[in-house]
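See structure below.
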Amino acid sequence: MPNKSVHTFDVSNVSKIFGQGKNQTVAVDDVTLYVADEEIISIVGGSGCGKSVLAKMMLGLYPQTSGEFLYRGAPITDQRKHWSEVQSVFQDPFSCFNQFFTIRSQLKDAFGILPERLSRGEVEDRVDEALLAVNVTPKDIEGKYPFELSGGQMQRMLLARIFALKPRVLIADEPTSMVDACVRANILDYLMKLKEELKMTIVFITHDIGLAYYVSNRIFIMHEGKMVEMGEPDQIIQDPQSPHTVQLLDDIPDINRQWIKR
Ligand SMILES: Nc1ncnc2c1ncn2[C@@H]1O[C@H](COP(=O)(O)OP(=O)(O)OP(=O)(O)O)[C@@H](O)[C@H]1O
Ligand SMILES: [Mg+2]
């Protein structure tokens, strides 16, 4: 079917329902949106509003209950192929690494997902380069296991993996949740650097509309599974239409207010 324009994601009337009958949860409720190539969008909303479920659908981890969910014009059928292009940084970095293997070996193994085969030397070089990109000296993690690092350090390991793999699309679900303000600013800067250098599309998920304002081209506001508002950051901040957006604006931590000109 030609003529309909194809984006990184085209999501039409998508719902995701868990459970049945009385135990039913409508996690995502009739959401329609697109994410353009090389765009950074933010999905903002309170706890339990469906952000992570939507993110997992973008990763091909959950099928939708209804509606149409397309990646570059086609449904996500082959997860492995999908993950060679679409990668994630999640809230809990420990869950993304196996506790029984060293960090370095897992960073190296991550290259297995790529279609091209790299030589051993190339893999070692790309791992070093990625560690340096997130301000970690390769020697500092040599021989270390995930449990030997802090939450913030592990989040940086996840970002290092992204730098190493250079995916086309990054789904970043609260990647700054476990780190202090200074490291948070660094991580955001890394994300911007990734976008600049790799021409990456980024879906950034957060509770904090201040962070969203700082990083994104467009902001999507979610509440109870529904998309209640979307628009450009200035428009959303200066002229919020939904009471849920107003609430999120009131909830911005002081540390992030500096970014907002109201
Ligand atoms: N695998 C699952 N099975 C059943 N219900 C689920 C599942 N995953 C999520 N839910 C429910 O779907 C709703 C949305 O969850 P989701 O994790 O997307 O929230 P969120 O917006 O990411 O919240 P937070 O900001 O706290 O991470 C919640 O009510 C949650 O309990
Ligand atoms: Mg979540």
Side-chain angles (χ1 to χ4, degrees), residues 9 11-33 35 40-69 71 76 79 82-83 86-97 151-152 154-155 158-159 162 169-181 184 187-188 191 202-216 218-230 236 240 242-253 255-256:
F9 289 106
V11 175
S12 310
N13 304 106
V14 160
S15 295
K16 176 67 190 173
I17 300 171
F18 292 105
Q20 285 181 335
K22 266 194 277 172
N23 297 323
Q24 181 170 298
T25 305
V26 183
V28 172
D29 191 356
D30 196 23
V31 164
T32 296
L33 58 84
V35 182
I40 298 195
I41 66 137
S42 290
I43 301 176
V44 190
S47 193
C49 73
K51 304 181 298 295
S52 294
V53 170
L54 192 58
K56 286 176 181 165
M57 291 168 88
M58 290 177 174
L59 282 162
L61 292 171
Y62 292 140
Q64 67 274 32
T65 310
S66 58
E68 187 179 58
F69 207 111
Y71 171 69
I76 304 161
Q79 270 184 347
H82 191 60
W83 294 338
V86 184
Q87 286 272 319
S88 62
V89 206
F90 265 90
Q91 270 162 329
D92 174 11
F94 289 98
S95 67
C96 304
F97 280 86
M154 281 306 294
Q155 264 171 334
L158 272 183
L159 285 172
I162 301 302
V169 183
L170 177 66
I171 314 291
D173 192 346
E174 299 276 11
T176 62
S177 59
M178 282 181 133
V179 298
D180 60 38
R184 176 176 311 138
I187 289 185
L188 292 174
L191 286 178
I202 302 180
V203 175
F204 185 74
I205 292 175
T206 178
H207 292 160
D208 183 346
I209 200 171
L211 283 183
Y213 177 84
Y214 182 62
V215 301
S216 41
R218 282 188 303 147
I219 296 178
F220 296 75
I221 310 288
M222 266 184 107
H223 182 76
E224 293 184 354
K226 291 194 169 63
M227 210 49 89
V228 293
E229 182 159 2
M230 60 180 85
I236 295 240
S242 160
H244 306 300
T245 312
V246 174
Q247 181 65 51
L248 290 164
L249 284 167
D250 288 343
D251 291 344
I252 298 175
I255 178 96
N256 293 339

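Both counts, for ligands and for their atoms, begin at 1 and track the order of listing.
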- Task: Could you tell me whether a side-chain N or O of H82 sits under 3.5 Å from a main-chain N or O of M58, the two making a donor and an acceptor?
- Result: yes

- Message: Just to be sure I read this right, does ligand 1 sit under 4.0 Å from the backbone of M222, its side chain, both, or neither, counting only heavy atoms?
- Response: neither

- Task: Closest by any non-hydrogen atom to atom 17 (O) of ligand 1: pick that one out of C49, A27, S52.
- Result: S52

- Item | Distance-only N or O hit between ligand 1 and V53, under 3.5 Å | yes

- Query: For the atom pair CD1 (I205) and CG (L54), what is the distance rounded to the nearest 0.5 Å?
  - Reply: 6.5 Å

- Examine the proximity of ligand 1 to T25 and report which part, side chain or backbone, both or neither, has a heavy atom under 4.0 Å away. side chain

- Query: What is the distance from atom CG of D173 to atom CZ of F204, rounded to the nearest 0.5 Å?
  - Reply: 9.5 Å

- Does G45 reach ligand 1 with a nitrogen or oxygen that is under 3.5 Å from one of the ligand's nitrogen or oxygen atoms? no

- Does E229 use its side chain to pair, donor to acceptor, with the backbone of S242 at less than 3.5 Å? yes

- Crowding at CD, Q20 (>12 non-hydrogen neighbours, <6.0 Å): no

- Message: On a heavy-atom basis, I'd like to know which of E224, Q24, K51 is closest to atom 21 (O) of ligand 1.
- Response: K51

- Item | Atom CD of E224 with >12 non-hydrogen neighbours under 6.0 angstrom | no

- Query: Of the listed options (G48, G46, G225), which comes nearest to atom 23 (O) of ligand 1 when hydrogens are ignored and any heavy atom counts?
  - Reply: G48

- Metal proximity, S47 vs the Mg ion (ligand 2), N/O/S cut-off 2.8 Å: no

- Message: Show the atoms of ligand 1 that are less than 4.0 angstrom away from any heavy atom in H207.
- Response: 24 (P), 25 (O)

- Message: Closer than 3.5 angstrom, by distance alone: can the side chain of K226 be matched with the main-chain N or O of C49 as a donor-acceptor pair?
- Response: no

